[in-house]
Amino acid sequence: MLDRRFIRSNPDVVKQAVRAKGLDLDVDELLAVDQRVRKLTTELDEAQAQRKSSAKEFARADEARRAELRAAHKELESRLGQLREELGEASAQLQELLLRTPTIPWAGAPVGDESANVTTRSWGERPEFGFTPLDHVELLEKRDWAEFARARKVAGERAYALKGPAVLLERALHSYALDVLMERQFTVISVPSLVTEMPLVGTGQFPGHREETYAIPADDLYLAGTAEVALVGLHSGEILDKNKLPITYAGISPCFRREIGSAGRDVRGLLRVHQFEKVEQFVICVADDEESDRWHAELLDTAERLVQGLGLAYQVLEIATGDMGAGKYRMNDIETWFPSLNHYRETHSCSSLHDWQARRANLRYRDTDGTIRFAYTLNNTAIATPRLLAALIENNQTADGGVRVPEVLRPYLGGRELL
RNA sequence: GGUGGAGUCGCCUAGUGGCCGAGGGCGCACGCCUCGAAAGCGUGUGAGGGGGCAACCCCUCCGUGGGUUCAAAUCCCACCUCCACCGCCA
């Protein structure tokens, strides 16, 4: 969502962003609707002012004059009704279009679709096995650390149940992430996954990607795909004091995704599941591009250090305009090495949204000079399991099906070096 | 799930159909006073939208959405949230 006034005065910039992001949005139509809304607003204002003054006069008028006013009012009322209806329709149309306006992407983003993504750096050594490594499913089943067939009996496709040391290892990953984030002064917060529509619109999940979210129609609730949803919603409608910013959260929550766009893909194992656990980094900062850029770098750095701490090889991608989504200013994915896939696979996604989400969520702050501004938001994964758990298991397996525990996780596993 | 009470401009509060399209107090900002401060006094102090070079003007908003009325914070209906008690429950 962009500022109407910005769109009015920079239609070409917006059009270019729409093109670069491959979106379906008619900016000229938006401008026309915007103009119509303003015209109707002015007309309604005038009619309403008239209604007010005649109601005032009524109180002091004699009976003859009152009869006149009643008659005149009837006419005015029908005009008001018509204007309200027209304005209501136009406003709804405008809102619908505004919700689809993209953030202007940063100048350094590769232009194009997914194939234009650029690998900017890689870190770590891919493991060399002196034996034929198992994939995570084989390994988990060999050790009896998971139930797949039985879990699917209860919860359908993509379901899983972790058992024994796999559970402890998953928890260790989350504890590790929380400790690192707390060290960086992030506030740990556990948030609802079961949410209303409001925060989903706020994050930008709705209305564009409704079908990816589980709905519970009986209660008008939804299951959020990430803690980011609740975190954006938490401060929505507020005007924060500038000195409260930045707000830095380490949000934890179960995450739910329908994965309807990927039917049949990654159905095996833990790579793409409907329900998972995630620690999310989330920042609300002042509306300053440079500060936002600094946070973006920091969130990305934190995620990289988390993966480095685990000793996993990864690469960082600069995401192209057409692959980053409407709301993103900049996006970098971290892809971690999966031996069984023989390639890197997305495990983290770092995004700067500028004020795109804040506008949707009406999340503002009062600047030093008293001006009220929309804040900037950023988010990045810290740890998402079981996908990262699968990477950890595959990369750290031993010839006999053991799993070496990275040093950073040992404190959470009673000091054990091998599972 | 049931019963009762409540939701007003950052906070507290006035307000029961036109004089409240929102008064007061606190807080905050600025000014006076002071060597400085406190106290005191004075002035100002919500958000959104539209218009104007501008000072400024207009409209909307008293939890949300409907309704009654010439006119609604004020009356009616539904919903949401909060508080209390009862029931059930991890």
Side-chain angles (χ1 to χ4, degrees), chain A residues 1-9 30-99 101 190-202 206 216-222 230 233-245 247 253-254 287 355-375:
Chain A
M1 190 150 158
L2 290 172
D3 182 8
R4 286 162 71 182
R5 280 165 292 214
F6 176 84
I7 303 170
R8 251 174 248 157
S9 42
L30 192 155
L31 289 169
V33 175
D34 172 57
Q35 197 172 9
R36 181 167 155 74
V37 166
R38 280 187 295 157
K39 180 169 160 284
L40 287 168
T41 302
T42 307
E43 287 176 23
L44 185 65
D45 279 4
E46 283 165 1
Q48 223 134 22
Q50 201 183 326
R51 174 170 155 279
K52 274 170 73 167
S53 67
S54 79
K56 276 224 163 90
E57 192 188 340
F58 187 95
R60 287 176 267 104
D62 58 28
E63 267 316 308
R65 181 68 185 136
R66 286 190 174 184
E68 271 176 47
L69 285 170
R70 277 207 186 85
H73 181 85
K74 211 159 204 179
E75 213 166 297
L76 188 61
E77 198 59 34
S78 84
R79 178 166 164 70
L80 274 168
Q82 196 186 335
L83 281 170
R84 282 203 196 94
E85 194 176 325
E86 284 179 36
L87 183 61
E89 278 169 27
S91 298
Q93 201 183 345
L94 179 65
Q95 186 63 13
E96 194 265 325
L97 290 166
L98 281 174
L99 285 175
T101 59
S190 74
V191 295
S193 299
L194 192 58
V195 296
T196 60
E197 176 161 347
M198 179 278 285
L200 285 158
V201 173
F206 283 13
I216 299 163
D219 298 289
D220 278 329
L221 291 170
Y222 301 86
L234 232 43
H235 295 285
S236 73
E238 295 186 19
I239 298 175
L240 299 159
D241 284 339
K242 192 187 180 184
N243 63 26
K244 290 273 193 307
L245 300 177
I247 292 173
S253 76
D355 62 5
W356 192 80
Q357 285 182 328
R359 282 182 187 282
R360 296 170 155 257
N362 198 23
L363 199 179
R364 298 171 294 172
Y365 69 97
R366 195 180 303 278
D367 211 337
T368 322
D369 64 359
T371 315
I372 289 166
R373 298 180 202 286
F374 288 102

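Order of the sequence lines sets the chain letters (A, B, ...), proteins ahead of strands, with each chain counted from 1. None of the values given here were measured: they were computed from a predicted structure.
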Which base, if any, makes a Watson-Crick or G-U wobble pair with B:G17, both distances under 3.5 Å?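 Per the H-bond distance test, none.
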Under the side chain to side chain donor-acceptor pair (under 3.5 Å) test, which residues partner [X], sequence neighbours left out?
| X | answer |
| --- | --- |
| A:Arg70 | none |
| A:Thr371 | A:Asp369 |
| A:His73 | A:Glu77 |

Span that lies between the [atom1] atom of [M] and that of [N], in whole angstrom:
| N | M | atom1 | value |
| --- | --- | --- | --- |
| B:C88 | B:C9 | P | 39 Å |
| B:G67 | B:G52 | P | 33 Å |
| B:G15 | B:U69 | P | 29 Å |
| B:C85 | B:C30 | P | 46 Å |

To the side chain of A:His73, which of B:A71, B:C59, B:G18 is closest?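 The answer is B:A71, which lies nearest to the side chain.
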Go through the structure and list residues passing salt bridge (charged side-chain N to carboxylate O under 4.0 Å, His left out) with [X], not counting sequence neighbours.
| X | result |
| --- | --- |
| A:Arg66 | A:Glu63 |
| A:Lys242 | A:Asp367 |
| A:Lys39 | A:Glu43 |

Between N or O atoms, less than 3.5 Å apart, protein on one side and nucleotides 27-30 of chain B on the other: list the pairs.
none

Compare all side-chain heavy atoms of A:Arg360 with those of A:Leu99 and state whether any distance is below 4.5 angstrom.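 Counting from C-beta outward, A:Arg360 and A:Leu99 do come under 4.5 Å.
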Compile the donor-acceptor pairs under 3.5 Å between side chains in residues 80-95 of chain A and protein atoms, sequence neighbours left out, one pair per line.
from: A:Gln82; atom 1: NE2; to: A:Glu86; atom 2: OE2; distance (Å): 3.2
from: A:Ser91; atom 1: OG; to: A:Leu87; atom 2: O; distance (Å): 2.8

Strictly under 3.5 Å: I want the nitrogen or oxygen pairs between protein and nucleotides 45-49 of chain B, one per line.
from: B:A47; atom 1: O3'; to: A:Arg364; atom 2: NH1; distance (Å): 3.0
from: B:G48; atom 1: OP1; to: A:Arg364; atom 2: NH1; distance (Å): 3.0
from: B:G49; atom 1: OP1; to: A:Arg5; atom 2: NH2; distance (Å): 3.4
from: B:G49; atom 1: N2; to: A:Asp45; atom 2: OD2; distance (Å): 3.2

